[in-house]
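Here is the structure we will look at, set down as C-alpha coordinates.
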2 protein chains.
Amino acid sequence: MAANNQEPLSFARLVTLDERRPAYPQSLVELAYEQLLSMLVTMKIAPGAHIGIEALARQLDISQTPIREALTLLEAQKLAYKIPNVGFRAAELLTRREVHDLFELRLLIEPAAAAFAAQKAEDGALARLAGLAGEMSDAQTGNELAYAQFAEGDAKLHHLVAAASGNRFIAETVEGLHAHLHIFRFLFKTNATTKALQEHEAIIAALLARDPVAAERAMRAHLEASRARMNVVLEEQERLAAAQTPPAPDGPTRRGRSRRR
Amino acid sequence: MAANNQEPLSFARLVTLDERRPAYPQSLVELAYEQLLSMLVTMKIAPGAHIGIEALARQLDISQTPIREALTLLEAQKLAYKIPNVGFRAAELLTRREVHDLFELRLLIEPAAAAFAAQKAEDGALARLAGLAGEMSDAQTGNELAYAQFAEGDAKLHHLVAAASGNRFIAETVEGLHAHLHIFRFLFKTNATTKALQEHEAIIAALLARDPVAAERAMRAHLEASRARMNVVLEEQERLAAAQTPPAPDGPTRRGRSRRR
DNA sequence: CGCTCATATATCCTATATGATTTATCGGCG
DNA sequence: CGCCGATAAATCATATAGGATATATGAGCG
(Lines give C-alpha, C1' and ligand atoms only; values in the text may rest on other atoms or scores of the structure.)
Protein backbone atom coordinates (compact mmCIF):
# COMPACT_ATOMS: atom_id res chain seq x y z
CA MET A 1 0.00 0.00 0.00
CA ALA A 2 0.92 3.65 0.24
CA ALA A 3 1.37 4.66 -3.37
CA ASN A 4 3.21 7.93 -3.52
CA ASN A 5 2.78 10.67 -6.04
CA GLN A 6 5.89 12.75 -5.94
CA GLU A 7 7.71 14.79 -8.49
CA PRO A 8 6.95 13.74 -12.03
CA LEU A 9 10.51 12.59 -12.62
CA SER A 10 11.96 15.43 -14.60
CA PHE A 11 15.34 13.93 -15.31
CA ALA A 12 14.32 10.59 -16.60
CA ARG A 13 16.16 9.04 -19.48
CA LEU A 14 19.40 10.90 -19.17
CA VAL A 15 21.88 8.24 -20.01
CA THR A 16 19.73 6.13 -22.25
CA LEU A 17 18.94 8.78 -24.77
CA ASP A 18 18.22 6.34 -27.51
CA GLU A 19 15.81 7.31 -30.21
CA ARG A 20 12.24 6.14 -30.63
CA ARG A 21 11.07 4.06 -27.69
CA PRO A 22 7.72 2.49 -26.88
CA ALA A 23 7.93 4.59 -23.75
CA TYR A 24 4.56 3.69 -22.37
CA PRO A 25 4.50 0.23 -20.88
CA GLN A 26 8.09 0.12 -19.74
CA SER A 27 9.47 -2.46 -17.43
CA LEU A 28 9.55 -1.78 -13.72
CA VAL A 29 13.30 -2.24 -13.81
CA GLU A 30 13.61 0.58 -16.32
CA LEU A 31 11.30 2.71 -14.27
CA ALA A 32 13.26 2.12 -11.10
CA TYR A 33 16.48 2.73 -13.00
CA GLU A 34 15.33 6.08 -14.29
CA GLN A 35 14.01 7.15 -10.94
CA LEU A 36 17.25 6.18 -9.26
CA LEU A 37 19.30 7.88 -11.94
CA SER A 38 17.36 11.08 -11.53
CA MET A 39 17.81 10.89 -7.77
CA LEU A 40 21.54 10.46 -8.17
CA VAL A 41 21.86 13.23 -10.72
CA THR A 42 19.83 15.69 -8.72
CA MET A 43 21.78 14.80 -5.59
CA LYS A 44 18.59 13.75 -3.88
CA ILE A 45 20.77 10.82 -2.99
CA ALA A 46 24.07 12.22 -1.78
CA PRO A 47 27.28 10.94 -3.40
CA GLY A 48 28.59 8.67 -0.69
CA ALA A 49 25.23 7.79 0.74
CA HIS A 50 23.85 4.38 1.51
CA ILE A 51 20.98 3.23 -0.70
CA GLY A 52 18.59 1.05 1.25
CA ILE A 53 16.61 -1.37 -0.85
CA GLU A 54 13.44 -1.79 1.12
CA ALA A 55 13.27 1.93 1.78
CA LEU A 56 13.34 2.57 -1.94
CA ALA A 57 10.86 -0.21 -2.52
CA ARG A 58 8.37 1.51 -0.25
CA GLN A 59 9.18 4.95 -1.58
CA LEU A 60 8.71 4.02 -5.23
CA ASP A 61 5.97 1.50 -4.49
CA ILE A 62 7.90 -1.17 -6.36
CA SER A 63 8.98 -4.54 -5.11
CA GLN A 64 12.56 -5.20 -4.09
CA THR A 65 13.46 -7.41 -7.02
CA PRO A 66 13.33 -4.75 -9.77
CA ILE A 67 15.04 -2.24 -7.50
CA ARG A 68 17.88 -4.64 -6.98
CA GLU A 69 18.24 -5.17 -10.71
CA ALA A 70 18.26 -1.45 -11.38
CA LEU A 71 20.97 -1.02 -8.77
CA THR A 72 22.97 -3.77 -10.40
CA LEU A 73 22.72 -1.88 -13.67
CA LEU A 74 23.90 1.31 -12.04
CA GLU A 75 26.74 -0.58 -10.45
CA ALA A 76 27.87 -1.80 -13.85
CA GLN A 77 27.95 1.83 -14.98
CA LYS A 78 30.02 2.70 -11.94
CA LEU A 79 27.38 5.10 -10.74
CA ALA A 80 26.92 3.00 -7.63
CA TYR A 81 28.89 0.30 -5.95
CA LYS A 82 28.01 -2.65 -3.80
CA ILE A 83 29.58 -4.06 -0.69
CA PRO A 84 28.58 -7.71 -0.66
CA ASN A 85 26.57 -8.22 2.47
CA VAL A 86 26.13 -4.60 3.39
CA GLY A 87 24.34 -2.93 0.52
CA PHE A 88 24.61 -0.42 -2.26
CA ARG A 89 26.03 3.08 -2.02
CA ALA A 90 26.01 5.94 -4.44
CA ALA A 91 29.34 6.47 -6.17
CA GLU A 92 31.58 9.11 -4.71
CA LEU A 93 31.75 12.45 -6.45
CA LEU A 94 34.57 12.54 -8.95
CA THR A 95 37.66 14.24 -7.63
CA ARG A 96 39.35 16.95 -9.59
CA ARG A 97 42.00 14.52 -10.64
CA GLU A 98 39.42 12.01 -11.79
CA VAL A 99 37.70 14.64 -13.87
CA HIS A 100 41.05 15.42 -15.40
CA ASP A 101 41.61 11.74 -16.17
CA LEU A 102 38.14 11.40 -17.60
CA PHE A 103 38.80 14.20 -20.05
CA GLU A 104 42.19 12.72 -20.80
CA LEU A 105 40.50 9.57 -22.02
CA ARG A 106 37.84 11.50 -23.88
CA LEU A 107 40.60 13.42 -25.61
CA LEU A 108 42.03 10.16 -26.83
CA ILE A 109 38.74 8.96 -28.24
CA GLU A 110 36.45 11.76 -29.28
CA PRO A 111 38.67 13.83 -31.57
CA ALA A 112 39.46 10.67 -33.49
CA ALA A 113 35.78 9.80 -33.46
CA ALA A 114 35.01 13.18 -34.97
CA ALA A 115 37.53 12.57 -37.71
CA PHE A 116 36.01 9.19 -38.46
CA ALA A 117 32.55 10.71 -38.47
CA ALA A 118 33.61 13.35 -40.96
CA GLN A 119 34.73 10.61 -43.29
CA LYS A 120 32.25 7.82 -42.76
CA ALA A 121 29.07 9.34 -41.37
CA GLU A 122 25.85 8.40 -43.11
CA ASP A 123 23.62 11.14 -44.40
CA GLY A 124 21.02 10.55 -41.72
CA ALA A 125 23.56 11.17 -39.00
CA LEU A 126 24.61 14.43 -40.58
CA ALA A 127 20.98 15.45 -40.88
CA ARG A 128 20.48 14.89 -37.16
CA LEU A 129 23.57 16.94 -36.44
CA ALA A 130 22.26 19.76 -38.57
CA GLY A 131 18.98 19.60 -36.71
CA LEU A 132 20.79 19.75 -33.40
CA ALA A 133 22.65 22.83 -34.57
CA GLY A 134 19.31 24.49 -35.17
CA GLU A 135 18.03 23.59 -31.70
CA MET A 136 21.12 24.84 -29.97
CA SER A 137 21.23 28.17 -31.75
CA ASP A 138 17.83 28.92 -30.27
CA ALA A 139 19.04 28.46 -26.72
CA GLN A 140 19.89 31.51 -24.69
CA THR A 141 23.03 31.70 -22.64
CA GLY A 142 22.25 34.20 -19.95
CA ASN A 143 19.10 32.51 -18.84
CA GLU A 144 18.83 30.70 -15.53
CA LEU A 145 17.48 27.25 -16.25
CA ALA A 146 18.60 27.40 -19.88
CA TYR A 147 21.70 25.63 -18.68
CA ALA A 148 19.86 22.34 -18.61
CA GLN A 149 19.05 22.91 -22.24
CA PHE A 150 22.71 23.45 -23.00
CA ALA A 151 23.78 20.37 -21.09
CA GLU A 152 21.27 18.25 -22.95
CA GLY A 153 22.52 19.62 -26.25
CA ASP A 154 26.10 18.94 -25.28
CA ALA A 155 25.31 15.35 -24.37
CA LYS A 156 23.41 14.85 -27.61
CA LEU A 157 26.24 16.29 -29.65
CA HIS A 158 28.90 14.03 -28.23
CA HIS A 159 26.56 11.08 -28.50
CA LEU A 160 25.75 11.80 -32.14
CA VAL A 161 29.36 12.29 -33.11
CA ALA A 162 30.39 9.05 -31.45
CA ALA A 163 27.56 7.20 -33.15
CA ALA A 164 28.35 8.79 -36.49
CA SER A 165 31.87 7.43 -36.30
CA GLY A 166 30.37 4.14 -37.36
CA ASN A 167 32.31 2.35 -34.63
CA ARG A 168 30.02 0.60 -32.22
CA PHE A 169 32.62 0.42 -29.47
CA ILE A 170 33.43 4.09 -29.68
CA ALA A 171 29.76 4.92 -29.36
CA GLU A 172 29.26 2.67 -26.36
CA THR A 173 32.38 3.88 -24.59
CA VAL A 174 31.68 7.57 -25.08
CA GLU A 175 28.16 7.06 -23.86
CA GLY A 176 29.40 5.28 -20.78
CA LEU A 177 31.94 7.93 -19.97
CA HIS A 178 29.49 10.76 -20.30
CA ALA A 179 27.26 9.34 -17.61
CA HIS A 180 29.72 10.36 -14.93
CA LEU A 181 29.44 14.00 -15.86
CA HIS A 182 25.72 14.37 -15.45
CA ILE A 183 26.08 14.87 -11.74
CA PHE A 184 28.24 17.91 -12.25
CA ARG A 185 25.48 19.71 -14.06
CA PHE A 186 24.00 20.64 -10.76
CA LEU A 187 27.14 21.90 -9.17
CA PHE A 188 27.79 24.72 -11.54
CA LYS A 189 26.65 26.09 -14.82
CA THR A 190 29.93 27.45 -16.02
CA ASN A 191 30.04 25.53 -19.25
CA ALA A 192 27.06 27.30 -20.76
CA THR A 193 29.03 30.15 -22.15
CA THR A 194 28.73 31.72 -25.55
CA LYS A 195 32.17 30.35 -26.17
CA ALA A 196 31.02 26.80 -25.61
CA LEU A 197 28.22 27.28 -28.09
CA GLN A 198 30.71 28.50 -30.65
CA GLU A 199 32.80 25.41 -30.06
CA HIS A 200 29.78 23.25 -30.71
CA GLU A 201 29.04 25.09 -33.90
CA ALA A 202 32.60 24.65 -35.09
CA ILE A 203 32.39 20.90 -34.58
CA ILE A 204 29.12 20.58 -36.43
CA ALA A 205 30.28 22.82 -39.27
CA ALA A 206 33.40 20.74 -39.78
CA LEU A 207 31.38 17.55 -39.83
CA LEU A 208 28.85 18.88 -42.29
CA ALA A 209 31.75 19.95 -44.47
CA ARG A 210 33.13 16.40 -44.08
CA ASP A 211 36.50 17.81 -43.08
CA PRO A 212 38.23 15.27 -40.81
CA VAL A 213 41.13 17.46 -39.82
CA ALA A 214 38.97 20.39 -38.83
CA ALA A 215 36.52 18.12 -37.02
CA GLU A 216 39.26 16.51 -34.99
CA ARG A 217 40.78 19.87 -34.15
CA ALA A 218 37.42 21.39 -33.20
CA MET A 219 36.53 18.49 -30.96
CA ARG A 220 39.90 18.57 -29.24
CA ALA A 221 39.65 22.30 -28.69
CA HIS A 222 36.17 21.92 -27.25
CA LEU A 223 37.18 19.19 -24.85
CA GLU A 224 40.24 21.06 -23.68
CA ALA A 225 38.30 24.23 -23.15
CA SER A 226 35.57 22.35 -21.33
CA ARG A 227 38.09 20.67 -19.10
CA ALA A 228 39.70 24.00 -18.31
CA ARG A 229 36.35 25.54 -17.42
CA MET A 230 35.53 22.68 -15.12
CA ASN A 231 38.93 22.75 -13.54
CA VAL A 232 38.55 26.36 -12.51
CA VAL A 233 35.34 25.68 -10.68
CA LEU A 234 36.61 22.50 -9.09
CA GLU A 235 39.69 24.23 -7.75
CA GLU A 236 37.46 26.87 -6.25
CA GLN A 237 35.23 24.30 -4.60
CA GLU A 238 38.24 22.42 -3.33
CA ARG A 239 39.55 25.50 -1.62
CA LEU A 240 36.18 26.22 -0.05
CA ALA A 241 35.73 22.67 1.15
CA ALA A 242 39.20 22.53 2.65
CA ALA A 243 38.59 25.67 4.68
CA GLN A 244 35.10 24.73 5.73
CA THR A 245 34.89 21.18 7.05
CA PRO A 246 38.17 19.45 7.80
CA PRO A 247 36.58 16.50 9.62
CA ALA A 248 34.01 14.66 7.45
CA PRO A 249 35.40 11.23 6.69
CA ASP A 250 32.48 9.08 5.54
CA GLY A 251 28.87 9.42 4.52
CA PRO A 252 25.78 8.75 6.60
CA THR A 253 25.93 5.23 7.96
CA ARG A 254 23.24 3.81 10.15
CA ARG A 255 22.46 0.18 10.78
CA GLY A 256 21.54 -2.06 13.64
CA ARG A 257 18.74 -1.02 15.89
CA SER A 258 17.79 2.58 16.14
CA ARG A 259 15.48 2.89 19.12
CA ARG A 260 15.99 1.53 22.61
CA ARG A 261 13.75 2.09 25.62
CA MET B 1 16.41 -31.13 -5.37
CA ALA B 2 18.73 -32.54 -8.00
CA ALA B 3 22.05 -30.98 -7.16
CA ASN B 4 24.38 -31.44 -10.09
CA ASN B 5 28.07 -32.04 -10.02
CA GLN B 6 29.39 -31.12 -13.41
CA GLU B 7 32.66 -29.78 -14.65
CA PRO B 8 34.64 -27.95 -12.00
CA LEU B 9 34.32 -24.63 -13.82
CA SER B 10 37.69 -24.26 -15.40
CA PHE B 11 37.28 -20.78 -16.81
CA ALA B 12 35.96 -18.93 -13.84
CA ARG B 13 37.14 -15.44 -13.15
CA LEU B 14 38.25 -14.45 -16.61
CA VAL B 15 37.13 -10.89 -16.76
CA THR B 16 37.39 -10.06 -13.11
CA LEU B 17 41.03 -10.79 -12.71
CA ASP B 18 41.42 -8.50 -9.78
CA GLU B 19 43.99 -9.32 -7.20
CA ARG B 20 43.43 -10.71 -3.73
CA ARG B 21 39.86 -11.80 -3.22
CA PRO B 22 38.14 -13.58 -0.34
CA ALA B 23 37.29 -16.13 -3.00
CA TYR B 24 35.65 -18.68 -0.77
CA PRO B 25 32.27 -17.58 0.43
CA GLN B 26 31.27 -15.69 -2.68
CA SER B 27 27.83 -14.46 -3.41
CA LEU B 28 25.55 -16.63 -5.49
CA VAL B 29 25.31 -13.82 -8.00
CA GLU B 30 29.06 -13.89 -8.48
CA LEU B 31 28.99 -17.65 -8.73
CA ALA B 32 26.27 -17.60 -11.33
CA TYR B 33 28.09 -14.85 -13.16
CA GLU B 34 31.30 -16.80 -13.37
CA GLN B 35 29.55 -19.96 -14.40
CA LEU B 36 27.69 -18.13 -17.12
CA LEU B 37 30.81 -16.36 -18.28
CA SER B 38 32.67 -19.61 -18.56
CA MET B 39 29.78 -21.12 -20.50
CA LEU B 40 29.79 -18.21 -22.91
CA VAL B 41 33.53 -18.21 -23.36
CA THR B 42 33.75 -21.95 -23.92
CA MET B 43 30.84 -21.76 -26.35
CA LYS B 44 28.87 -24.16 -24.21
CA ILE B 45 26.23 -21.55 -24.84
CA ALA B 46 26.31 -20.75 -28.54
CA PRO B 47 26.63 -17.10 -29.57
CA GLY B 48 23.09 -16.33 -30.68
CA ALA B 49 21.42 -18.83 -28.39
CA HIS B 50 18.55 -18.25 -26.04
CA ILE B 51 19.38 -18.40 -22.34
CA GLY B 52 16.46 -19.75 -20.37
CA ILE B 53 16.35 -18.64 -16.77
CA GLU B 54 14.62 -21.51 -15.07
CA ALA B 55 16.65 -24.00 -17.06
CA LEU B 56 19.83 -22.43 -15.73
CA ALA B 57 18.36 -22.26 -12.27
CA ARG B 58 17.86 -26.01 -12.27
CA GLN B 59 21.18 -26.70 -13.95
CA LEU B 60 23.23 -24.65 -11.50
CA ASP B 61 20.96 -25.45 -8.57
CA ILE B 62 20.54 -21.76 -7.88
CA SER B 63 17.34 -19.81 -7.59
CA GLN B 64 16.14 -17.59 -10.41
CA THR B 65 16.80 -14.28 -8.72
CA PRO B 66 20.62 -14.46 -8.64
CA ILE B 67 20.65 -15.87 -12.16
CA ARG B 68 18.68 -12.91 -13.36
CA GLU B 69 21.07 -10.49 -11.71
CA ALA B 70 24.07 -12.20 -13.20
CA LEU B 71 22.46 -11.95 -16.61
CA THR B 72 21.81 -8.28 -16.04
CA LEU B 73 25.49 -7.85 -15.30
CA LEU B 74 26.47 -9.66 -18.47
CA GLU B 75 24.04 -7.54 -20.40
CA ALA B 76 25.72 -4.39 -19.13
CA GLN B 77 29.00 -5.77 -20.45
CA LYS B 78 27.35 -6.43 -23.79
CA LEU B 79 28.08 -10.11 -23.52
CA ALA B 80 24.36 -10.82 -23.55
CA TYR B 81 21.29 -8.87 -24.44
CA LYS B 82 17.71 -8.94 -23.34
CA ILE B 83 14.48 -8.71 -25.26
CA PRO B 84 11.97 -7.38 -22.78
CA ASN B 85 9.33 -10.01 -22.43
CA VAL B 86 11.10 -12.74 -24.26
CA GLY B 87 14.33 -13.42 -22.44
CA PHE B 88 18.09 -13.19 -22.59
CA ARG B 89 20.28 -14.29 -25.46
CA ALA B 90 24.02 -14.66 -25.75
CA ALA B 91 25.65 -11.87 -27.70
CA GLU B 92 26.35 -12.55 -31.33
CA LEU B 93 29.89 -13.37 -32.29
CA LEU B 94 31.77 -10.27 -33.33
CA THR B 95 31.92 -9.80 -37.06
CA ARG B 96 35.20 -9.17 -38.79
CA ARG B 97 34.32 -5.53 -39.08
CA GLU B 98 33.51 -5.30 -35.39
CA VAL B 99 36.81 -6.86 -34.48
CA HIS B 100 38.46 -4.28 -36.67
CA ASP B 101 36.55 -1.49 -34.94
CA LEU B 102 37.40 -2.91 -31.54
CA PHE B 103 41.09 -2.76 -32.33
CA GLU B 104 40.64 0.68 -33.78
CA LEU B 105 39.46 1.89 -30.41
CA ARG B 106 42.12 -0.03 -28.56
CA LEU B 107 44.69 1.63 -30.79
CA LEU B 108 43.39 4.99 -29.68
CA ILE B 109 43.65 4.15 -26.01
CA GLU B 110 46.30 1.60 -25.23
CA PRO B 111 49.38 3.11 -26.88
CA ALA B 112 48.69 6.32 -25.03
CA ALA B 113 48.10 4.32 -21.88
CA ALA B 114 51.49 2.70 -22.32
CA ALA B 115 53.09 6.10 -22.66
CA PHE B 116 51.39 7.30 -19.51
CA ALA B 117 52.44 4.17 -17.71
CA ALA B 118 56.03 4.67 -18.68
CA GLN B 119 55.91 8.09 -17.10
CA LYS B 120 53.67 7.69 -14.11
CA ALA B 121 53.66 4.02 -13.12
CA GLU B 122 54.32 3.26 -9.50
CA ASP B 123 57.15 0.91 -8.61
CA GLY B 124 54.76 -1.85 -7.59
CA ALA B 125 53.17 -1.86 -11.01
CA LEU B 126 56.53 -2.13 -12.69
CA ALA B 127 57.44 -4.97 -10.40
CA ARG B 128 54.33 -6.86 -11.39
CA LEU B 129 55.14 -6.27 -15.03
CA ALA B 130 58.63 -7.63 -14.52
CA GLY B 131 57.15 -10.68 -12.83
CA LEU B 132 54.79 -11.21 -15.73
CA ALA B 133 57.71 -11.06 -18.12
CA GLY B 134 59.30 -13.90 -16.20
CA GLU B 135 56.14 -16.01 -16.36
CA MET B 136 55.69 -15.49 -20.05
CA SER B 137 59.26 -16.34 -20.97
CA ASP B 138 58.67 -19.76 -19.46
CA ALA B 139 55.73 -20.48 -21.72
CA GLN B 140 56.28 -22.58 -24.79
CA THR B 141 54.88 -21.60 -28.14
CA GLY B 142 54.60 -24.85 -30.02
CA ASN B 143 52.64 -26.60 -27.33
CA GLU B 144 49.00 -27.43 -27.71
CA LEU B 145 47.20 -26.11 -24.69
CA ALA B 146 49.94 -23.62 -23.96
CA TYR B 147 47.86 -21.16 -25.90
CA ALA B 148 45.60 -20.67 -22.93
CA GLN B 149 48.68 -19.68 -20.99
CA PHE B 150 49.58 -17.15 -23.64
CA ALA B 151 46.09 -15.70 -23.77
CA GLU B 152 46.06 -15.29 -20.03
CA GLY B 153 49.40 -13.55 -20.15
CA ASP B 154 48.21 -11.26 -22.92
CA ALA B 155 45.12 -10.30 -20.95
CA LYS B 156 47.20 -9.67 -17.84
CA LEU B 157 49.67 -7.54 -19.74
CA HIS B 158 47.08 -5.22 -21.22
CA HIS B 159 45.32 -5.05 -17.89
CA LEU B 160 48.48 -4.17 -16.03
CA VAL B 161 49.52 -1.51 -18.51
CA ALA B 162 46.11 0.10 -18.41
CA ALA B 163 46.13 0.07 -14.63
CA ALA B 164 49.68 1.40 -14.50
CA SER B 165 48.61 4.42 -16.53
CA GLY B 166 47.19 5.72 -13.29
CA ASN B 167 43.97 6.63 -15.05
CA ARG B 168 41.01 4.85 -13.58
CA PHE B 169 38.84 5.31 -16.65
CA ILE B 170 41.45 3.96 -18.99
CA ALA B 171 41.80 0.88 -16.83
CA GLU B 172 38.05 0.29 -16.69
CA THR B 173 37.55 0.83 -20.39
CA VAL B 174 40.40 -1.41 -21.49
CA GLU B 175 39.16 -4.11 -19.17
CA GLY B 176 35.67 -3.85 -20.59
CA LEU B 177 36.85 -4.00 -24.16
CA HIS B 178 39.01 -7.01 -23.58
CA ALA B 179 36.06 -9.08 -22.42
CA HIS B 180 34.75 -9.33 -25.95
CA LEU B 181 37.89 -11.04 -27.12
CA HIS B 182 37.84 -13.93 -24.70
CA ILE B 183 35.43 -15.83 -26.87
CA PHE B 184 37.85 -15.82 -29.77
CA ARG B 185 40.41 -17.72 -27.79
CA PHE B 186 38.58 -20.90 -28.59
CA LEU B 187 38.24 -20.30 -32.28
CA PHE B 188 41.90 -20.20 -33.13
CA LYS B 189 45.26 -20.08 -31.53
CA THR B 190 47.04 -18.03 -34.10
CA ASN B 191 48.16 -15.29 -31.79
CA ALA B 192 50.49 -17.46 -29.79
CA THR B 193 53.42 -17.00 -32.05
CA THR B 194 57.01 -16.37 -31.12
CA LYS B 195 56.52 -12.99 -32.70
CA ALA B 196 53.71 -12.11 -30.32
CA LEU B 197 55.89 -13.00 -27.37
CA GLN B 198 58.60 -10.73 -28.68
CA GLU B 199 56.06 -7.92 -28.97
CA HIS B 200 55.11 -8.43 -25.36
CA GLU B 201 58.71 -8.36 -24.29
CA ALA B 202 59.28 -5.13 -26.18
CA ILE B 203 56.39 -3.46 -24.39
CA ILE B 204 57.56 -4.55 -20.97
CA ALA B 205 61.15 -3.59 -21.68
CA ALA B 206 60.12 -0.09 -22.73
CA LEU B 207 58.03 0.33 -19.62
CA LEU B 208 60.77 -0.87 -17.31
CA ALA B 209 63.08 1.59 -19.01
CA ARG B 210 60.41 4.25 -18.44
CA ASP B 211 60.60 5.24 -22.09
CA PRO B 212 57.21 6.65 -23.13
CA VAL B 213 57.93 6.89 -26.82
CA ALA B 214 59.18 3.35 -27.10
CA ALA B 215 56.31 2.04 -24.99
CA GLU B 216 53.73 3.75 -27.13
CA ARG B 217 55.33 2.50 -30.31
CA ALA B 218 55.68 -1.05 -28.99
CA MET B 219 52.07 -1.19 -27.91
CA ARG B 220 50.85 0.17 -31.21
CA ALA B 221 52.95 -2.34 -33.11
CA HIS B 222 51.63 -5.18 -30.98
CA LEU B 223 48.01 -4.20 -31.46
CA GLU B 224 48.39 -3.75 -35.18
CA ALA B 225 50.15 -7.07 -35.55
CA SER B 226 47.55 -8.76 -33.40
CA ARG B 227 44.75 -7.26 -35.44
CA ALA B 228 46.39 -8.42 -38.63
CA ARG B 229 46.79 -11.94 -37.30
CA MET B 230 43.15 -12.09 -36.29
CA ASN B 231 42.02 -10.66 -39.58
CA VAL B 232 43.70 -13.41 -41.54
CA VAL B 233 41.90 -16.11 -39.62
CA LEU B 234 38.58 -14.31 -39.70
CA GLU B 235 38.74 -13.89 -43.45
CA GLU B 236 39.42 -17.58 -43.75
CA GLN B 237 36.47 -18.48 -41.54
CA GLU B 238 34.26 -16.08 -43.41
CA ARG B 239 35.05 -17.77 -46.67
CA LEU B 240 34.40 -21.19 -45.21
CA ALA B 241 31.12 -20.16 -43.65
CA ALA B 242 29.89 -18.55 -46.83
CA ALA B 243 30.50 -21.70 -48.82
CA GLN B 244 29.15 -24.04 -46.20
CA THR B 245 25.80 -22.96 -44.81
CA PRO B 246 23.98 -20.22 -46.69
CA PRO B 247 20.66 -20.67 -44.81
CA ALA B 248 21.00 -20.31 -41.02
CA PRO B 249 19.23 -17.14 -39.97
CA ASP B 250 18.63 -17.39 -36.22
CA GLY B 251 19.61 -19.51 -33.26
CA PRO B 252 17.59 -22.21 -31.56
CA THR B 253 14.22 -20.81 -30.53
CA ARG B 254 11.62 -22.87 -28.77
CA ARG B 255 8.73 -21.72 -26.68
CA GLY B 256 5.15 -22.58 -26.10
CA ARG B 257 4.18 -26.17 -25.38
CA SER B 258 6.38 -28.97 -26.54
CA ARG B 259 4.41 -32.17 -26.13
CA ARG B 260 0.89 -32.89 -27.30
CA ARG B 261 -0.93 -36.21 -27.04
C1' DC C 1 37.88 3.02 33.59
C1' DG C 2 38.73 0.61 29.05
C1' DC C 3 38.24 -3.49 26.36
C1' DT C 4 36.05 -7.78 24.87
C1' DC C 5 32.20 -10.70 24.12
C1' DA C 6 27.31 -11.73 23.69
C1' DT C 7 22.78 -10.36 22.06
C1' DA C 8 19.37 -7.95 19.39
C1' DT C 9 17.87 -5.76 15.15
C1' DA C 10 17.96 -3.99 10.78
C1' DT C 11 19.25 -5.11 6.28
C1' DC C 12 20.65 -7.76 2.63
C1' DC C 13 20.38 -12.19 0.08
C1' DT C 14 17.97 -16.08 -1.61
C1' DA C 15 13.99 -18.87 -2.51
C1' DT C 16 9.38 -19.65 -3.88
C1' DA C 17 4.75 -18.38 -5.49
C1' DT C 18 1.65 -15.59 -8.27
C1' DG C 19 0.53 -12.82 -12.29
C1' DA C 20 1.41 -11.12 -17.16
C1' DT C 21 2.96 -11.76 -21.81
C1' DT C 22 4.51 -14.09 -25.62
C1' DT C 23 4.60 -18.08 -28.68
C1' DA C 24 3.06 -22.26 -30.67
C1' DT C 25 -0.62 -25.37 -31.95
C1' DC C 26 -5.25 -26.37 -33.54
C1' DG C 27 -9.80 -25.60 -35.44
C1' DG C 28 -12.73 -22.98 -38.51
C1' DC C 29 -13.76 -20.17 -42.40
C1' DG C 30 -12.96 -18.18 -46.95
C1' DC D 1 -6.33 -26.02 -49.63
C1' DG D 2 -4.44 -21.94 -47.32
C1' DC D 3 -4.96 -18.14 -44.15
C1' DC D 4 -6.56 -16.39 -39.77
C1' DG D 5 -8.17 -16.19 -35.05
C1' DA D 6 -8.75 -18.57 -30.44
C1' DT D 7 -6.72 -21.44 -26.88
C1' DA D 8 -3.04 -23.58 -24.19
C1' DA D 9 1.47 -23.72 -22.27
C1' DA D 10 5.79 -22.20 -21.38
C1' DT D 11 8.51 -18.48 -19.96
C1' DC D 12 9.47 -14.08 -18.23
C1' DA D 13 8.41 -10.49 -14.71
C1' DT D 14 7.12 -9.21 -10.14
C1' DA D 15 5.80 -9.76 -5.39
C1' DT D 16 6.39 -11.69 -0.97
C1' DA D 17 8.41 -14.61 2.61
C1' DG D 18 12.15 -16.83 5.06
C1' DG D 19 17.10 -17.48 6.15
C1' DA D 20 21.78 -15.40 6.64
C1' DT D 21 24.94 -11.66 7.70
C1' DA D 22 26.71 -7.55 9.54
C1' DT D 23 26.35 -3.72 12.82
C1' DA D 24 25.30 -1.54 17.04
C1' DT D 25 24.27 -1.70 21.94
C1' DG D 26 25.16 -3.22 26.59
C1' DA D 27 27.07 -6.20 30.19
C1' DG D 28 30.97 -8.39 32.21
C1' DC D 29 35.75 -8.76 33.12
C1' DG D 30 40.51 -7.19 33.44
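Each chain gets a letter, A, B and so on, in the order the sequences are listed, and its residues count up from 1.
Counting to the nearest Å, the P atom of C:dT21 and the NZ atom of B:Lys82 are 15 Å from each other. At whole-Å resolution of the value, CD in B:Glu54 and P in D:dC12 are 7 Å apart. Between the CZ atom of B:Arg89 and the P atom of D:dC12 there is a distance of 11 Å, given to the nearest Å. One atom, CD of B:Gln26, and another, C1' of C:dT14, lie 15 Å apart when rounded to the nearest Å. For A:Ile62 and D:dA15, the CD1 to P distance is 7 Å, given to the nearest whole Å. Between A:Glu69 atom CD and D:dC12 atom P there is a gap of 12 Å when expressed in whole angstrom units. In this structure, CG of B:Leu60 is placed 11 Å from P of C:dA15, rounded to the nearest angstrom. One atom, CG of B:Leu31, and another, P of C:dA15, lie 11 Å apart when rounded to the nearest Å.
A 6.0 Å sphere centred on NZ of B:Lys82 holds more than 12 heavy atoms belonging to other residues, nucleotides or ligands. For A:Glu122, the CD atom counts as loosely surrounded, since its 6.0 Å shell holds 12 or fewer non-hydrogen atoms of other residues, nucleotides or ligands.
At D:dA15, one or more side-chain N or O atoms of A:Ser63 fall inside 4.0 Å of OP1 or OP2 (strictly under the cut-off). Look at B:His50 and you won't find any side-chain N or O under 4.0 angstrom from OP1 or OP2 of D:dT11. At the phosphate of D:dT14, OP1 or OP2 sits under 4.0 Å from a side-chain N or O atom of A:Ser27.
Judged by distance alone, the side chain of B:Arg89 and the main-chain N or O of B:Tyr81 form no donor-acceptor pair under 3.5 Å.
When the options B:Gln77, B:Glu69, B:Gln26 are evaluated for a side-chain hydrogen bond (donor to acceptor under 3.5 Å, both in side chains) with B:Tyr33, the one that passes is B:Gln77.
If you check C:dT22, C:dT14, D:dA22 against the side chain of B:Val29, the one that comes closest is C:dT14. In the set C:dT22, D:dA22, C:dC12, the nucleotide with an atom closest to the side chain of A:Ile53 is C:dC12. Looking at the side chain of B:Leu28, the nearest of the listed nucleotides C:dA15, C:dT11, D:dT14 is C:dA15. Taking the side chain of A:Thr65 as heavy atoms from C-beta on, and the options D:dA15, D:dT11, C:dT16, the nearest nucleotide is D:dA15. Of the candidate nucleotides C:dT21, C:dT14, D:dT23, C:dT21 has the atom nearest to the side chain of B:Asn85. Among the nucleotides D:dA15, D:dC12, C:dT14, the one closest to any side-chain atom of A:Arg68 is C:dT14.
Counted by atom type alone, B:His182 and B:Arg185 present one or more donor-acceptor pairs between their side chains at under 3.5 Å.
Within 4.0 Å of A:Ile51, counting heavy atoms only, lie sugar-phosphate atoms of the nucleic acid but no base atom.
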